There are 2 protein chains.
Amino acid sequence: MPTLTADRRRDQAKEEFDAFFASCPSRKVLDRLSDKWVTLVLVALGEHDLRYSELARRIAGVSPKMLTQTLRSLERDGLVTRAVTPTVPVTVDYALTDLGRSLLVVVGKVKDWAEANLHQVEAAREDYDNRDE
Amino acid sequence: MPTLTADRRRDQAKEEFDAFFASCPSRKVLDRLSDKWVTLVLVALGEHDLRYSELARRIAGVSPKMLTQTLRSLERDGLVTRAVTPTVPVTVDYALTDLGRSLLVVVGKVKDWAEANLHQVEAAREDYDNRDE
DNA sequence: CAGGATCCGTTCAGATACTG
DNA sequence: CAGTATCTGAACGGATCCTG
């Protein structure tokens, strides 16, 4: 085969990989959870339902933009519900769905691992950092 | 209290929050896992130990830079080991530590959830997208 | 109260080229 | 073989201002 296939083959491999990667289910979940605010919202709503402004206060530091964006994507994925009550002014309540609660369990697993192994990781880091220098 | 405290209070709250957030154990783990290549390396090494170039081939699409960066941070955290054999040319073997293997179990939990609930999430998305428009 | 719109700085991944 | 060094563009988060 001529040389032109070398680069082409690599490109093709990468495209296939990207496609696989994008469609990978666990990848999607990981990407969701990795979002800075998602888990915080999940945990906050796990305790009890909250209104928009209550969430904003509870998660101190989140901008309206990010909070809305996060809530919208969670709602879209069927993880939280959004209930508008047409009072004056309007009130909007957010709550976890069953699906959202089940995801919260997974987050709990991660948290358990983190708490159980954090000191090991930090010890490893110190070792590593003191190795040379 | 005078008005200047309003903004100050918010800033302070945010700083405290950021500090809390940065020191949150599960946050650190989530951030690690969210890294695009970390889980892929973990899974690849979970099957069997591999050399640098083998990893690069197995994870098609990763640049040398990213692969090295990922491996270094994993090594630093005590999740993988790096063994240099001074042959000519040198060979470098990477392997999971026990800690790395235990983290792989957590990733497995996420994967399980993803596979079990992916269709629900996608159904929710279709619902949401068809709601208006 | 609950957001939408916009701008802007920083971060970060990837491509490329080079080295022991 | 196993990286390192540098550059650049695209994405993203945050701040700010505005609305029903």
Side-chain angles (χ1 to χ4, degrees), chain A residues 6-8 10-11 13-15 17-18 21-22 27 31-32 34-41 44-45 49-76 80-95 132, chain B residues 6-8 10-11 13-15 17-18 21-22 27 31-32 34-41 44-45 49-76 80-95 132:
Chain A
D7 285 349
R8 291 234 35 164
R10 191 173 190 271
D11 285 353
K14 197 190 165 185
E15 279 170 35
F17 174 79
D18 286 345
F21 189 80
R27 191 69 251 157
D31 282 347
R32 304 272 49 242
S34 75
D35 188 301
K36 188 178 178 183
W37 307 110
V38 165
T39 54
L40 293 171
V41 170
L45 290 180
D49 306 352
L50 291 169
R51 291 167 49 187
Y52 184 89
S53 54
E54 292 175 325
L55 273 170
R57 224 168 303 119
R58 186 128 207 315
I59 309 191
V62 66
S63 63
K65 175 187 171 184
M66 282 299 106
L67 184 53
T68 301
Q69 197 175 103
T70 303
L71 287 167
R72 283 292 182 284
S73 69
L74 288 176
E75 187 195 358
R76 190 170 110 98
V80 310
T81 57
R82 175 174 181 271
V84 181
T85 311
T87 51
V88 179
V90 294
T91 57
V92 181
D93 285 272
Y94 291 93
D132 47 21
Chain B
D7 285 348
R8 290 234 36 164
R10 193 174 187 270
D11 286 353
K14 197 189 165 187
E15 278 169 36
F17 174 78
D18 286 345
F21 189 80
R27 192 66 251 158
D31 283 346
R32 305 267 54 239
S34 75
D35 188 301
K36 189 179 178 185
W37 306 110
V38 164
T39 54
L40 293 170
V41 170
L45 290 180
D49 306 351
L50 291 169
R51 290 167 47 189
Y52 184 89
S53 55
E54 292 174 326
L55 274 169
R57 224 169 303 120
R58 186 126 207 315
I59 309 190
V62 66
S63 65
K65 174 187 170 183
M66 282 299 105
L67 184 53
T68 299
Q69 196 174 104
T70 303
L71 288 168
R72 284 289 184 285
S73 69
L74 289 176
E75 187 196 357
R76 190 169 110 98
V80 309
T81 57
R82 176 173 181 271
V84 181
T85 310
T87 51
V88 179
V90 295
T91 56
V92 181
D93 285 272
Y94 291 92
D132 46 21

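Note that the structure is predicted; figures quoted are calculated from it, not measured. Convention: sequence-line order gives letters A, B, ...; per-chain numbering from 1.
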I want to verify a distance call: between [options], whose nearest atom is closest to the [X] side chain?
X       : options               : result
B:Lys65 : D:dG13, C:dG3, D:dA5  : D:dA5
A:Asp35 : D:dG13, D:dG3, C:dG14 : D:dG13
A:Gln69 : D:dG13, D:dG3, C:dA13 : D:dG13
A:Ser53 : D:dG14, C:dA2, C:dA13 : C:dA2
B:Arg72 : C:dA13, D:dG3, D:dG14 : D:dG3
A:Val90 : C:dG3, D:dG3, C:dC1   : C:dC1

Using whole Å, what does the distance between atom [atom2] of nucleotide [N] and atom [atom1] of [X] come to?
X       : N      : atom1 : atom2 : answer
A:Met66 : D:dA11 : CE    : C1'   : 11 Å
A:Glu75 : C:dA2  : CD    : P     : 15 Å
A:Leu50 : C:dC1  : CG    : P     : 15 Å
A:Leu67 : C:dG3  : CG    : C1'   : 10 Å
B:Tyr52 : C:dT19 : OH    : P     : 17 Å
B:Ile59 : D:dA2  : CD1   : P     : 14 Å
B:Asp31 : C:dC12 : CG    : P     : 11 Å

Next item on the list: Quick one: pull up CD in A:Glu54 and CD1 in A:Ile59 and give me the separation to the nearest 0.5 Å.
Entry: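 A:Glu54 atom CD to A:Ile59 atom CD1 measures 11.5 Å (nearest 0.5 Å).
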Checklist line | Interatomic distance, A:Thr85 atom OG1 to A:Arg51 atom CZ [nearest 0.5 angstrom] | finding: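 So the OG1 of A:Thr85 and the CZ of A:Arg51 are separated by 8.5 Å.
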Notebook entry, point to check: Between A:Met66 and A:Val62, which heavy-atom pair has the shortest distance, and what is it?
Noted result: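 Minimum heavy-atom contact is CB-CG2, 3.8 Å.
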Next item on the list: Taking all non-hydrogen atoms of both residues into account, name the closest pair between A:Leu45 and A:Tyr94 and its distance.
Entry: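 Smallest interatomic distance, heavy atoms only, reads CD2-O, 3.5 Å.
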Is there a side-chain contact between [X] and the phosphate of [N], meaning an N or O under 4.0 Å from OP1 or OP2?
X       : N      : value
B:Tyr94 : D:dC1  : no
B:Arg51 : D:dC1  : no
A:Lys36 : D:dG14 : yes
A:Arg82 : C:dG3  : yes
B:Trp37 : C:dC12 : no

Next item on the list: Spell out, as yes or no, whether a donor-acceptor pair under 3.5 Å connects the side chain of B:Thr68 to the backbone of B:Lys65.
Entry: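 No, because the side chain of B:Thr68 does not come within donor-acceptor range (under 3.5 Å) of the backbone of B:Lys65.
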